[in-house]
Amino acid sequence: MTEPRTMPLPDPRRLSDEASLRAAREFHDLVKLRRTVRDFDPRPVPREVIEHCIAAAGTAPSGANQQPWHFVAVSDSQVKRRIREAAEAEEREFYERRAPEEWLQALEPIGTDWRKPFLETAPWLIAIFVRKWGRDEAGYKVKHYYPAESVGIATGLLITALHTAGLATLTHTPSPMGFLNEILGRPADSERPFLLLVAGHPAEGARVPAIERRPLAEIASWV
């Protein structure tokens with residue numbers, strides 16, 4: 001068996017307990033302000049900002065380090081329009097025919113419907129794909145392990161990176177999402193759409209649903 005290659009842990013952070021607590025509090029204070037936004041300002045966001053945020057997402061842990069993700073960043077207005085038209089067709093079918101009544105009731109306080117203007121208004125759409133398999137250096141097909149879990153972690157990092165950069169986001173999951181493969185030219189045999197992330201500056205006066213997060217005592221146990 002070949003010995004795995006290793007290297008020293010790069011730049012390990014050694015914080016005192018006080019500094020660690022301060023950093024944890026500051027991070028919590030930052031991310032607790034994150035909210036899902038549906039009203040976006042059309043003003044541009046530099047591509048370099050999006051590049052760094054996607055690169056940060058690419059640092060996520062993954063099963064066997066297979067990194068089974070692909071991100072397609074879309075700013076072209078014509079492509080965004082095609083995505084909106086395809087997404088709204090699926091969403092209209094969902095809201096008017098496929099959605100169970102209990103799901104519609106759960107969505108009612110959020111105030112959503114099949115109309116998705118933000119898909120054109122926001123400066124960036126980031127389509128996130130799960131790569132079900134890849135190829136090794138010799139060109140042989142290699143199965144990816146825990147691809148959905150790995151891409152989910154990377155998506156969380158991407159959302160957090162965008163929030164840290166001062167941008168608002170919206171996670172959008174029309175079902176089915178196969179139209180993204182076609183519009184964005186991604187191989188349907190090896191990749192499936194995971195999520196469509198909308199990103200940009202919130203519109204002036206943007207409002208969000210008045211919801212609350214569950215307190216720590218409800219979401220964590222200590223053993």
Side-chain angles (χ1 to χ4, degrees), residues 36-38 40 47 50-51 53-55 57-58 60 62-64 66-104 106-107 110-136 139-159 161-162 168-200:
T36 294
V37 170
R38 290 178 172 81
F40 286 85
R47 170 173 165 165
I50 304 301
E51 288 177 348
C53 291
I54 292 177
S62 61
Q66 292 175 321
Q67 305 171 60
W69 42 67
H70 188 85
F71 304 89
V72 181
V74 181
S75 62
D76 183 276
S77 59
Q78 293 185 356
V79 177
K80 288 194 294 182
R81 173 164 292 186
R82 290 181 64 195
I83 290 175
R84 177 185 178 180
E85 290 172 350
E88 286 187 335
E90 295 295 351
E91 290 288 85
R92 188 166 191 168
E93 178 71 16
F94 170 79
Y95 276 91
E96 294 181 356
R97 294 181 179 84
R98 297 200 309 261
E101 185 59 33
E102 59 268 24
W103 183 221
L104 293 176
L107 290 172
I110 309 298
T112 61
D113 60 22
W114 63 267
R115 298 171 182 84
K116 309 299 177 184
F118 48 76
L119 293 176
E120 282 192 87
T121 306
W124 289 97
L125 305 180
I126 305 173
I128 303 166
F129 290 84
V130 176
R131 298 178 65 231
K132 296 176 286 186
W133 53 267
R135 294 192 181 277
D136 62 18
Y140 292 104
K141 187 174 179 179
V142 176
K143 178 182 177 180
H144 287 163
Y145 296 94
Y146 299 104
E149 294 85 347
S150 301
V151 174
I153 296 170
T155 300
L157 278 180
L158 177 56
I159 292 170
L162 291 163
T169 59
L170 167 71
T171 54
H172 184 46
T173 53
S175 179
M177 289 191 284
F179 62 85
L180 289 174
N181 291 84
E182 179 182 354
I183 294 173
L184 300 177
R186 301 308 304 171
D189 61 331
S190 60
E191 296 183 12
R192 66 174 177 82
F194 180 77
L195 187 143
L196 187 58
L197 190 63
V198 186

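We use all heavy atoms of the structure for the numbers below, so side chains are in, but hydrogens, waters and symmetry mates are not. One-based numbering along the sequence shown.
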*Asks:* Run the numbers on V72 and L125 for side-chain contact (heavy atoms from CB on, under 4.5 Å), then give the verdict.
*Replies:* CA-CA 8 Å; V72 181; L125 305 180; over 6 Å; no
*Asks:* Can you name the side chain to side chain donor-acceptor pair (under 3.5 Å) partners of Q67, sequence neighbours left out?
*Replies:*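 Here the qualifying residues are N65.
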*Asks:* Work out which heavy atom in A73 is nearest to a heavy atom in I54; give both atom names and the distance.
*Replies:*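 The answer is CB-CD1, 4.2 Å.
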*Asks:* Drop me the distance from T155's OG1 to I128's CD1, to the nearest 0.5 angstrom.
*Replies:*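 Nearest 0.5 Å value for the OG1-CD1 distance: 3.5 Å.
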*Asks:* Apply ring pair (Phe, Tyr, Trp, His ring centres under 6.0 Å) to H172 and list each qualifying residue two or more places apart in sequence or on a separate chain.
*Replies:*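 Scan of H172 (ring pair (Phe, Tyr, Trp, His ring centres under 6.0 Å), adjacent residues dropped) gives F118.
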*Asks:* Nearest 0.5 Å please: distance from the CD1 atom of I153 over to the CH2 atom of W69.
*Replies:*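 These two atoms lie 8.0 Å from each other.
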*Asks:* What pair of heavy atoms forms the shortest contact from V79 to V74, and how long is it?
*Replies:*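 Residues V79 and V74, closest heavy atoms: CG1-CG1, 3.6 Å.
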*Asks:* Got a sec, which residues hit side chain to side chain donor-acceptor pair (under 3.5 Å) with R98, two or more places apart in sequence or on another chain?
*Replies:*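 Scan of R98 (side chain to side chain donor-acceptor pair (under 3.5 Å), adjacent residues dropped) gives none.
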*Asks:* Would you check if the side chain of T121 reaches a backbone N or O of F40 as a donor-acceptor pair within less than 3.5 Å?
*Replies:*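 Not at all, since once roles are kept as given, no pair shorter than 3.5 Å links the two residues.
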*Asks:* Provide the closest heavy-atom pair for R192 versus A148 in the form atom of the first, atom of the second, distance.
*Replies:*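 Reported closest heavy-atom pair: NH2-CB, 3.8 Å.
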*Asks:* What closest approach, in Å, do G152 and F194 show between heavy atoms, and which atom pair accounts for it?
*Replies:*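 The pair with the smallest heavy-atom distance is CA-CZ, 3.7 Å.
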*Asks:* Mind listing the side-chain donor-acceptor pairs of residues 176-187 below 3.5 Å, one per line with the distance, residues two or more places apart or on another chain?
*Replies:*
{"unit_1": "N181", "atom_1": "ND2", "unit_2": "R186", "atom_2": "O", "d": "3.4"}
{"unit_1": "N181", "atom_1": "ND2", "unit_2": "E191", "atom_2": "O", "d": "3.2"}
{"unit_1": "R186", "atom_1": "NE", "unit_2": "E191", "atom_2": "OE1", "d": "3.0"}
{"unit_1": "R186", "atom_1": "NH1", "unit_2": "H70", "atom_2": "NE2", "d": "3.4"}
{"unit_1": "R186", "atom_1": "NH2", "unit_2": "E191", "atom_2": "OE2", "d": "2.7"}

*Asks:* Which residues satisfy the side chain to side chain contact (heavy atoms under 4.5 Å, CB included) test with T171, sequence neighbours excluded?
*Replies:*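 Only I159, L195, L197 meet the side chain to side chain contact (heavy atoms under 4.5 Å, CB included) criterion with T171.
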*Asks:* Who pairs with Y95 by side chain to side chain donor-acceptor pair (under 3.5 Å), at least two apart in sequence or on another chain?
*Replies:*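 Y95: side chain to side chain donor-acceptor pair (under 3.5 Å) contacts with T112.
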*Asks:* Got a sec: does the CH2 of W103 have more than 12 other heavy atoms crowding it under 6.0 Å?
*Replies:*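 Result for CH2/W103: open.
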*Asks:* Could you name each residue pair satisfying side-chain hydrogen bond (donor to acceptor under 3.5 Å, both in side chains) that touches residues 81-90, not counting sequence neighbours?
*Replies:*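 Every side-chain hydrogen bond (donor to acceptor under 3.5 Å, both in side chains) pair that includes a residue of residues 81-90, provided the two are not neighbours, is R81-E120, R84-E88, R84-E120.
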*Asks:* Using salt bridge (Lys or Arg N to Asp or Glu O under 4.0 Å) as the criterion, list what pairs up with E101, not counting sequence neighbours.
*Replies:*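 E101 satisfies salt bridge (Lys or Arg N to Asp or Glu O under 4.0 Å) with no other residue.
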*Asks:* Return the set of residues passing salt bridge (Lys or Arg N to Asp or Glu O under 4.0 Å) with E51 (not counting sequence neighbours), or none when no residue passes.
*Replies:*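 Checked E51 against salt bridge (Lys or Arg N to Asp or Glu O under 4.0 Å); matches are R47.
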*Asks:* Identify, with sequence neighbours excluded, every residue that meets side chain to side chain contact (heavy atoms under 4.5 Å, CB included) alongside Q78.
*Replies:*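 Q78 satisfies side chain to side chain contact (heavy atoms under 4.5 Å, CB included) with D76 only.
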*Asks:* L119 and I83: which non-hydrogen atoms are nearest, and at how many Å?
*Replies:*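 Result for this residue pair: CD1-O, 4.4 Å.
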*Asks:* Distance from K116 atom NZ to R38 atom CZ, nearest 0.5 Å?
*Replies:*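 So the NZ of K116 and the CZ of R38 are separated by 6.5 Å.
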*Asks:* Who passes side chain to side chain contact (heavy atoms under 4.5 Å, CB included) against E102, sequence neighbours left out?
*Replies:*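 Scan of E102 (side chain to side chain contact (heavy atoms under 4.5 Å, CB included), adjacent residues dropped) gives P100.
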*Asks:* Grab the two heavy atoms, one from P68 and one from P147, that are nearest each other, plus how far apart they are.
*Replies:*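 Looks like CG-CA, 3.7 Å.
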*Asks:* Answer yes or no: is there a side-chain heavy-atom contact under 4.5 Å between D113 and L107?
*Replies:*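 No - every pair of side-chain heavy atoms lies 4.5 Å or more apart.
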*Asks:* What's the separation between atom CG in L158 and atom CD1 in I126, rounded to the nearest 0.5 Å?
*Replies:*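 Rounded to the nearest 0.5 Å, the CG-CD1 separation comes to 5.0 Å.
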*Asks:* About how many Å separate CZ of R131 and OG of S150, when rounded to the nearest 0.5 Å?
*Replies:*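 CZ of R131 is found 12.0 Å from OG of S150.
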*Asks:* Tell me, please, which residues at least two apart from L157 pass side chain to side chain contact (heavy atoms under 4.5 Å, CB included).
*Replies:*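 With neighbours one apart ignored, the set is T59, A60.
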*Asks:* Would you please test F129 and V151 for side-chain contact (heavy atoms from CB on, under 4.5 Å) and show each step?
*Replies:* CA-CA 8 Å; F129 290 84; V151 174; over 6 Å; no
